[in-house]
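All ligand and atom numbering here is 1-based and tracks the order in the structure. Worth knowing before you read on, the calculation uses all heavy atoms, side chains too, and leaves out hydrogens, waters and symmetry mates.
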Amino acid sequence: MRALLIGGGGREHAIGLSIVKSGTELAVISPNENPGLMRIAKKVIIGDENNGKWVLRNATKLKPDYVFIGPESPVAHGVSDILLDNGFKVFAPSSEAAKLETSKAFCRKFMSENQVKGNIESTPFSDPDKAERFIRDIDYDFVLKPDGLTGGKGVVVQGVHFKSREEGIGIAREYLATGKAKLLVEKKVVGEEFSLQGFVKGSRISFLPIVQDYKRAFEGDRGPNTGGMGSVCFSERGLPFIDKGIVDKAKDILEDLVRKFNRKVTSYVGPIYGGFIATHDGPKLLEINARLGDPEAMNVLSLMETSIMEVAAGMLLGLQIKPELRDRINVIRYLVPRGYGTKPAPSVLEIDEEKVMVKGLRIFYASVNQDGNRIRQTTSRSVALMSEGSDIEEVNSRFSNISSLIKGEYEMRNDIGTGKSIERKKRAMKIIMSQKA
Ligand code: GLY
């Protein structure tokens, strides 16, 4: 068996590891020389992963049995479409199916027209004057969300990223000034977020354990939004601060959405990600991603005994595959360039891999390039470290003294998945749930 994987980040390193675990030969098309993928793949082709014709030419030469696409951008650029049209077995949605991610306005409208629960009041605007008039009229705190892809960094929330209504209007006007963009004004909902991922073929979803991504750049959940600074997963035990009943309802919402979408729009195939928030009024859907999350993919794929290859092969045959999971807690912390989230300043890292692994940490390489014995950062996330165990304190203890093993200029949030952070979230959710009508 041979698989082709498109993408070169931390999520793709995790997908690659899951593919090779099944004994499958791996080829990769990536924009960067990811050291982790370079080690496990038989072939790595560096180039523009969004260029469908070029990807097709390479795929035709490589003759893979299955194709996996990690990031959203190649799907949005039609790479899955051109591969599907040419007879490849692709475990990723078509660009039409990925509209659930690539147009937030489409997703909200579809949910509303088809009575899918968990929707949030949301109005799209292209005209800055209309957006301003609308914002002046509403009597709730709001969120501004670009309609298209933003790599998780585009959403701004009143009371978090901007304080006053006037400030929000300024941001909306500036965003819409070109006349080409579309922006959603959404009602702000309060609660703890969780990522619910799964694999889809037909109307059923094979769900994976929920994960929480720490999106903000700085410790204490402060600073700008990022693609994700790290994440925590408690396998099927579930996150200790999210009620199990809320997760069950979120699963129903996602399955209802996919079922109706398959019937009315197009068939959805491949990984899916529901970004939910647990509120006093049940789960609300913040966004759909037509892919696995980064870093969340590392949490769940590491817990899966079943390889993603077995999942894809079975599901593309129409079988319902339920991945077997280990009962472990895992925490991911990303090393990022200094200034990541605002003005990243890439530098060079030296990693003592052996000592990092002796400590019990796993390394996932992300948007970096191999440079001899060193790792050259880009402006994006560099390296993810994962600790796994049965007890949260034990899991966290492995992150001590990282700076003695990884030299260079980088930042890492030390509060991700700590007992203190989990307790704080539990207290916050208790207050939120007590406001239940
Ligand atoms: N970690 C958030 C995402 O992958 O969109």
### Task
First locate atom OG of S95, then atom NE2 of H77, and finally report the distance between them rounded to the nearest 0.5 Å.
11.0 Å

### Task
For Y273, take its heavy atoms, then give the atoms of ligand 1 lying under 4.0 Å from any of them.
2 (C), 3 (C)

### Query
For ligand 1, which part of L292 has a heavy atom less than 4.0 Å away: the side chain, the backbone, both, or neither?
neither

### Message
Can you name the atoms of ligand 1, numbered from 1 with element, that are less than 4.0 Å from a heavy atom of E296?
### Response
1 (N), 2 (C), 4 (O)

### Query
N/O of E287 under 3.5 Å from N/O of ligand 1, yes or no?
no

### Query
N289 versus I272: any side-chain heavy-atom pair under 4.5 Å?
no

### Query
So Q377 and S382, side chain to side chain donor-acceptor pair (under 3.5 Å) or not? Walk me through it.
CA-CA 6 Å; Q377 293 179 318; S382 314; 3.1 Å; yes

### Task
For F125, check ring pair (Phe, Tyr, Trp, His ring centres under 6.0 Å) against everything at least two apart and list the hits.
F134

### Message
Can you name the atoms of ligand 1, numbered from 1 with element, that are less than 4.0 Å from a heavy atom of G293?
### Response
4 (O)

### Message
F194: which residues meet the ring pair (Phe, Tyr, Trp, His ring centres under 6.0 Å) condition with it, sequence neighbours left out?
### Response
F276

### Task
Mind checking the CD-CG spacing from E49 to L5? Nearest 0.5 Å is all I need.
9.5 Å

### Side chain, backbone, both or neither: the part of R291 lying under 4.0 Å from ligand 1 by heavy atom
side chain

#### Entry: N or O pair under 3.5 Å between N289 and ligand 1
yes

#### Entry: Ligand-residue contact atoms, ligand 1 with D213, heavy atoms, under 4.0 Å
1 (N), 2 (C)

### Message
Using 0.5 Å steps for rounding, measure from the CZ atom of R413 to the OG1 atom of T418.
### Response
9.0 Å

#### Entry: Enumerated ligand 1 atoms positioned under 4.0 Å from heavy atoms of G227
1 (N), 2 (C)

